[in-house]
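Encoded as structure tokens, here's the structure I'll be asking about.
Start at 1 and go down the list; that is how both ligands and their atoms are numbered. This structure is a prediction, so every number in the text was calculated from the model and none was measured.
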Amino acid sequence: MAVRQIREIGDNLLRKKSRPFETVDDKARQLLEDLYDTLKVTKDGVGLAAPQVGVLRRAIVVDLSMEEENPQGPFFLINPVIVKQSGSQVCREGCLSVPGKLGDVTRPEKVTVEALDKNGKKVKIKAEGLLAVVLSHEIDHLDGILFVDKATEIFDQDELQEEER
Ligand code: NI
């Protein structure tokens with residue numbers, strides 16, 4: 001187990017396309033574990049993609065198990081692909097690689113994701129709401145896309161908190 005350093009916006013590696021895995025081997029499993037360990041030490045992260053820890057491979061972890069309303073996950077996914085999507089929703093997103101910023105992004109309301117799990121078994125996830133947002137956000141990372149590229153408006157987290165007071 002290892003907590004890895006999270007790369008931040010401005011780092012060129014975050015803009016590169018990640019390579020798929022041919023097989024889910026120990027190296028892939030180790031990467032998933034490291035992603036999970038790294039995610040767990042963050043305060044409010046719900047997903048992490050391999051390029052965020054400097055590895056250009058198609059692996060993501062999504063964990064909504066701490067959500068009060070609809071706890072789901074954690075999901076450990078290799079080579080995730082959105083095979084179906086429908087509807088749209090606007091969500092205020094943040095990203096561990098873009099500290100201090102939030103933005104309003106339009107995402108599909110529902111997505112169906114196919115991937116391989118830790119054991120190399122095919123899985124299909126039918127997601128809606130927040131899970132659909134997070135899956136779509138993390139899969140974007142694998143193609144070098146950050147939420148700020150898609151956001152209609154970007155806010156400073158500090159300023160938003162100031163307004164709420
Ligand atoms: Ni992100």
Between Asp37 and Lys40, is there a side-chain N and carboxylate O pair less than 4.0 Å apart?
->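 Result for this pair is no, no salt bridge flagged.
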Please tell me if the side chains of Leu77 and Ile125 come closer than 4.5 Å, counting only heavy atoms from C-beta onward.
->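 Yes, their side chains come closer than 4.5 Å.
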Does the distance from a Lys or Arg side-chain N to an Asp or Glu carboxylate O, for Lys150 and Glu93, drop under 4.0 Å?
->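 The answer is no: the pair does not qualify as a salt bridge.
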What residues form a ring pair (Phe, Tyr, Trp, His ring centres under 6.0 Å) with Tyr36, not counting sequence neighbours?
->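 With sequence neighbours excluded, Tyr36 shows a ring pair (Phe, Tyr, Trp, His ring centres under 6.0 Å) to Phe76, given in chain and number order.
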Could you give me the CA-CA distance, side-chain angles and deciding distance for Gln30 and Asp34, then say whether side chain to side chain donor-acceptor pair (under 3.5 Å) is met?
-> CA-CA 6 Å; Gln30 185 61 58; Asp34 287 359; 2.9 Å; yes
Sidechain-backbone polar pair: Asn79 side chain, Phe21 backbone, donor-acceptor under 3.5 Å =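 Yes; judged by distance alone, with no hydrogens or angles, the pair exists.
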Neighbouring protein N, O or S atoms of the Ni ion (ligand 1) [cut-off: under 2.8 Å, no waters] |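 Protein N, O or S atoms closer than 2.8 Å to the Ni ion (ligand 1): Cys95 SG, His137 NE2, His141 NE2.
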